[in-house]
Undergrad: 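Take a look at this one; I'll ask things after.
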Amino acid sequence: MKNMKFTRRQKGLSAIETLFVILIATLALIGALALGYKMFNNQQNGAEQENIANLLVNTRSLKGAQGYGAAATNLVPQLIAIRGVPDTMTVTAGVISNSWGGTVTVVATTPNSFTITGSAMPQAGCIALATRVAKSAQFSTVINATAAVVGEISTATATTGCTNTNTNTIAWTVSG
């Protein structure tokens with residue numbers, strides 16, 4: 001006679017194995033959400049940089065033989081009229097808003113220069129814009145009412161200037 005062994009096969013997962021699978025899935029989900037949030041912030045910084053670049057180009061197109069106008073002339077109505085405000089920026093009652101909900105102003109500072117000011121920027125967005133927008137001696141940048149820096153802003157200078165969590169302000173004055 002043959003010796004028959006009956007083996008019992010496990011069907012399904014035990015409670016400990018199930019908890020382990022749930023733990024791994026939860027960690028993967030948390031990682032994906034954190035990465036998605038970081039990517040969203042980077043995309044938002046890039047979009048805002050593009051918005052400022054478009055405003056710079058479109059504002060320069062307003063310059064005539066007499067320049068941009070008298071000091072303190074609000075150039076936003078002219079930008080709105082020529083459709084010079086990027087579509088990704090919100091315009092409500094003649095006021096431009098950035099992607100963080102802060103106001104953006106464009107004002108003639110002298111007949112041959114203008115200032116674009118953005119407010120309510122988070123610290124990461126402030127640092128990103130401060131270091132990426134002004135790249136030449138035509139730019140003078142003021143972060144949170146500190147001393148103006150002419151030309152390119154270093155990451156160290158931007159980090160020192162962009163000290164607020166969500167209320168940073170940058171003003172770029174452009175000559176020419």
Side-chain angles (χ1 to χ4, degrees), residues 32-63 67-69 71-110 112-176:
L33 289 174
L35 181 62
Y37 181 74
K38 186 174 182 178
M39 287 174 55
F40 174 75
N41 281 340
N42 287 339
Q43 187 245 350
Q44 195 172 24
N45 293 344
E48 198 58 33
Q49 179 185 351
E50 188 175 320
N51 288 339
I52 297 297
N54 285 333
L55 283 175
L56 288 167
V57 169
N58 294 334
T59 302
R60 282 186 169 155
S61 72
L62 297 175
K63 186 177 181 183
Y68 296 103
T73 300
N74 181 5
L75 300 175
V76 171
Q78 295 172 48
L79 286 167
I80 293 169
I82 66 165
R83 302 182 70 83
V85 178
D87 292 336
T88 54
M89 297 183 95
T90 305
V91 178
T92 305
V95 177
I96 303 171
S97 297
N98 61 25
S99 59
W100 299 291
T103 58
V104 176
T105 61
V106 185
V107 177
T109 49
T110 68
N112 292 315
S113 65
F114 62 92
T115 300
I116 296 177
T117 305
S119 65
M121 296 179 193
Q123 188 174 28
C126 177
I127 293 168
L129 290 176
T131 57
R132 294 180 189 152
V133 172
K135 294 290 185 180
S136 72
Q138 286 184 314
F139 287 87
S140 172
T141 306
V142 175
I143 304 170
N144 289 328
T146 59
V149 176
V150 176
E152 189 171 0
I153 302 286
S154 69
T155 305
T157 301
T159 302
T160 301
C162 299
T163 56
N164 302 317
T165 306
N166 290 311
T167 59
N168 294 287
T169 299
I170 301 178
W172 295 275
T173 299
V174 183
S175 301

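As a basis for the values below, the full set of heavy atoms in this structure was taken, side chains included, without hydrogen atoms, waters or symmetry mates.
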Undergrad: Under the criterion side chain to side chain contact (heavy atoms under 4.5 Å, CB included), which of N54, I96, V106 is the partner of V85?
TA: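 The residue from N54, I96, V106 that satisfies side chain to side chain contact (heavy atoms under 4.5 Å, CB included) with V85 turns out to be I96.
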Undergrad: Once you round to the nearest 0.5 Å, how far does CD1 of I170 lie from CG of N144?
TA: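 That separation rounds to 8.0 Å.
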Undergrad: Side chain to side chain contact (heavy atoms under 4.5 Å, CB included) for L56 and V133? Distances and angles first, verdict last.
TA: CA-CA 10 Å; L56 288 167; V133 172; 4.1 Å; yes
Undergrad: Could you tell me if the side chain of Q123 sits less than 4.5 Å from the side chain of T165, heavy atoms only?
TA: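 No, every pair of side-chain atoms sits at 4.5 Å or beyond.
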Undergrad: Atom CG of D87 and atom CG of N51: how far apart are they, to the nearest 0.5 Å?
TA: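 Going from CG on D87 over to CG on N51, the span is 9.5 Å.
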Undergrad: Do you know the tightest heavy-atom contact between A148 and S140?
TA: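 Scanning both residues completely, I find the closest heavy atoms to be CB-OG, 3.4 Å.
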Undergrad: Under 4.5 Å between any side-chain heavy atoms of T105 and N74, yes or no?
TA: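 No; the side chains remain at least 4.5 Å from each other.
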Undergrad: For the CD1 atom of I82 and the CG atom of L62, what is their distance to the nearest 0.5 Å?
TA: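 I82 atom CD1 to L62 atom CG measures 4.5 Å (nearest 0.5 Å).
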Undergrad: Do F139 and E152 have side-chain heavy atoms sitting under 4.5 Å apart?
TA: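 Result no, sub-4.5 Å side-chain heavy-atom pair not found.
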Undergrad: Nearest 0.5 angstrom please: L129 CG to E48 CD, how far?
TA: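 Here the interatomic distance stands at 6.0 Å.
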Undergrad: At what distance, to the nearest 0.5 angstrom, does CH2 of W100 lie from CG of N166?
TA: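 W100 atom CH2 to N166 atom CG measures 10.5 Å (nearest 0.5 Å).
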Undergrad: Roughly how far, to the nearest 0.5 Å, is CG of L55 from CZ of R60?
TA: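 That separation rounds to 12.5 Å.
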Undergrad: Report yes if some heavy atom in the side chain of L79 is under 4.5 Å from a heavy atom in the side chain of T59; otherwise report no.
TA: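 Side-chain contact under 4.5 Å: yes.
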Undergrad: Using a 4.5 Å cut-off on heavy atoms from C-beta on, say whether the side chain of T88 contacts that of S99.
TA: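 S99 does not reach T88 side chain to side chain.
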Undergrad: Report yes or no: does T157 contribute a side-chain atom to a donor-acceptor pair with the main-chain N or O of I153 at less than 3.5 Å?
TA: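 Not at all, since once roles are kept as given, no pair shorter than 3.5 Å links the two residues.
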Undergrad: Is it the case that the side chain of N168 and the backbone of M121 share a donor-acceptor pair, with hydrogens and angles ignored and the cut-off at 3.5 Å?
TA: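 Present.
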Undergrad: If you look at every heavy atom in T110 and S113, which pair is closest and at what distance?
TA: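 In terms of heavy atoms, the two residues are closest at OG1-OG, 2.7 Å.
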Undergrad: Any donor-acceptor pair under 3.5 Å linking the side chain of S119 with the backbone of G102?
TA: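 No, S119 side chain to G102 backbone: no donor-acceptor pair under 3.5 Å.
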Undergrad: Write down the atom of N45, the atom of R132, and the distance for their closest heavy-atom approach.
TA: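 Looks like CB-NH1, 4.5 Å.
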Undergrad: Which heavy-atom pair separates L75 from V107 by the least distance, and what is that distance?
TA: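 Scanning both residues, the minimum pair turns out to be CD1-C, 4.2 Å.
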Undergrad: Apply side chain to side chain contact (heavy atoms under 4.5 Å, CB included) to C126 and I143, showing your working.
TA: CA-CA 8 Å; C126 177; I143 304 170; 3.9 Å; yes
Undergrad: Please name the pair of heavy atoms, one in T115 and one in T117, separated by the smallest distance, quoted to 0.1 Å.
TA: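 Reported closest heavy-atom pair: CG2-OG1, 3.6 Å.
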